[in-house]
Amino acid sequence: MSDPVRRAPLREIADLSVDDATVQRMWRAIGRRRARSHGGSATWAIRGGVAVAGALAVALLLFAARREEGPLRLVAGAELGVVEGPSGAGSAAAAPGPKRVDLSDGSTLLVGAEARLRTLQNTSSLLVAVIEAGRVTFDVEPRGPRRWVIECGLATLEVAGTRFTRTAPRTTPRSPWSEARSWSAASSSRIASSGSPSASRWR
Amino acid sequence: VRPALRLDLVRLSAAPEAGRVRALPSPAGLDDATLVDRALRGDGWAEEMIYRRHVGYVFALAGRLLRNSVEAEDVVQDTFTIALDRIGSLRDGVVLRAWLAQIAVSQVRRRFRRKKLLRLLHLETSVDDSTLEALAGGLGTETRAELALLDRVLATLPSEYRLAWMLRHVEGESLEDIATIAGCSLATAKRRIAAAEARVRMHVSLGEASL
């Protein structure tokens, strides 16, 4: 680029010089700053590494804990499978009381006479069960690790932590099971909770 | 009596003739590109030579732009700290001086912004000790009065205009270098200088009354 008009720059009359002592002092300060910034970055790298390692350790522990939870079991250790209430073969006056079933997550079932609860799906995060007959009272531990889904007749209940009682409709023994299987097959069009539980309360 | 021969000696531990000692050429004989090359290989002596060669220029540039010698010292330290840490990003050692000026001007800009904020909050307390008038101490009264007027006019300009004008007329940089240092296109640099010049001419022709 042509630069035809070039006067003497003003710096020639407005000189700003720096003495040797200042030059030396500034050089030492630069050395200190550089050492600090290098040390600082190394410190941050170490801190970052420790933080990442800690986060990984926590994630591994959580993963291991989840793996250990596994499916819901009876307190005794047996699989949930089918739970049946006491047989009411005697007279009405001598009808037996409900059978108490304690589960591994702290929840409790009270399975009434002639009642039958069948587990359809049981994982660390989900329990799906169907009441095929009779009355079952659920006392679900709140904030537990898994979602509870109870199928009963035309109702599907999803439970987080509550106590409720559900009675199967009076039909032939095979009929509710057939209904439950058909719902399970059409899970994308699940029937929402219809009808209210016979008794429930939030803890 | 023969005068003592003074040599700067350096030990070449990494070279094939490890352990041998050879004379290092005087810093005056090494250009910027060579010094940058040596600094890239971790030569502390070359880093210090880069600093010593350009510290005067960076200090004067920052001092005149900021009008304050204390802040200029801060800018020098920031500039060389950044430059020596990032010297690997300098592709051509020949442009070392302009690159240093570019870093220094970016640091000056940061201080302009901070000063502007402090001024808004009425917290600005620094005293301008490096104005053009103050630096031209040995000149006559009339010239110093003109420079004082110029100082006041420059203080009214937007910082980008003032930077461009001072790089051109105070530092005597070429238009291309101004564009590089200010980090803008050549056209923008020219436009800023022209706009600043128009304001300076107007105020200078109208005199004190215009300020």
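Numbered from 1 within each chain, the chains take letters A, B, ... in sequence-line order.
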Roughly how far, to the nearest 0.5 Å, is CZ of A/Arg33 from CD1 of B/Ile82?
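One gets 9.0 Å once the value is rounded to the nearest 0.5 Å.
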For the atom pair CZ (B/Phe59) and CG (A/Asp19), what is the distance rounded to the nearest 0.5 Å?
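It comes to 8.0 Å.
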Closest contact, heavy atoms only, [X] versus [Y]:
| X | Y | value |
| --- | --- | --- |
| B/Glu171 | A/Arg11 | O-NH1, 2.6 Å |
| A/Leu16 | B/Gly63 | CD2-CA, 3.4 Å |
| A/Asp15 | B/Leu135 | O-CD2, 3.8 Å |
| B/Gly56 | A/Val18 | CA-CG1, 4.1 Å |

Is a donor from one side chain sitting under 3.5 angstrom from an acceptor on the other, for B/Gln77 and A/Arg28?
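There is no such pair (donor and acceptor under 3.5 Å, judged by atom type) between the side chains of B/Gln77 and A/Arg28.
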Given a strict heavy-atom distance threshold of 4.5 Å, which part of [X] is in contact with chain A: side chain, backbone, both, or neither?
| X | answer |
| --- | --- |
| B/Leu139 | side chain |
| B/Leu147 | side chain |
| B/Glu48 | both |
| B/Leu61 | neither |
| B/Thr81 | both |

Can you tell me if B/Arg91 has over 12 outside heavy atoms packed within less than 6.0 Å of its CZ?
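No, because the 6.0 Å sphere around CZ of B/Arg91 holds 12 heavy atoms or fewer from other groups.
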Tell me if the CZ atom of B/Arg110 is crowded by more than 12 foreign heavy atoms within 6.0 Å.
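Open.
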Salt bridge or not for A/Arg34 and B/Glu47, using N-O below 4.0 Å?
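Answer for the salt bridge query: yes.
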Given side-chain contact (heavy atoms from CB on, under 4.5 Å), test B/Phe80 with A/Met26 step by step and report yes or no.
CA-CA 10 Å; B/Phe80 282 98; A/Met26 287 193 295; over 6 Å; no
Chain A: which of B/Val76, B/Val55, B/Asp85 shares the most heavy-atom pairs with it under 4.5 Å?
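Among the listed options, the one with the most contacts to chain A is B/Asp85.
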Look at B/Thr143, B/Leu150, B/Leu132, B/Leu84 and state which one has the largest set of heavy-atom pairs under 4.5 Å with chain A.
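It is B/Leu84.
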Could you tell me whether the side chain of B/Tyr51 and the main chain of A/Val23 form a donor-acceptor pair under 3.5 Å?
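Indeed, once roles are kept as given, a pair shorter than 3.5 Å links the two residues.
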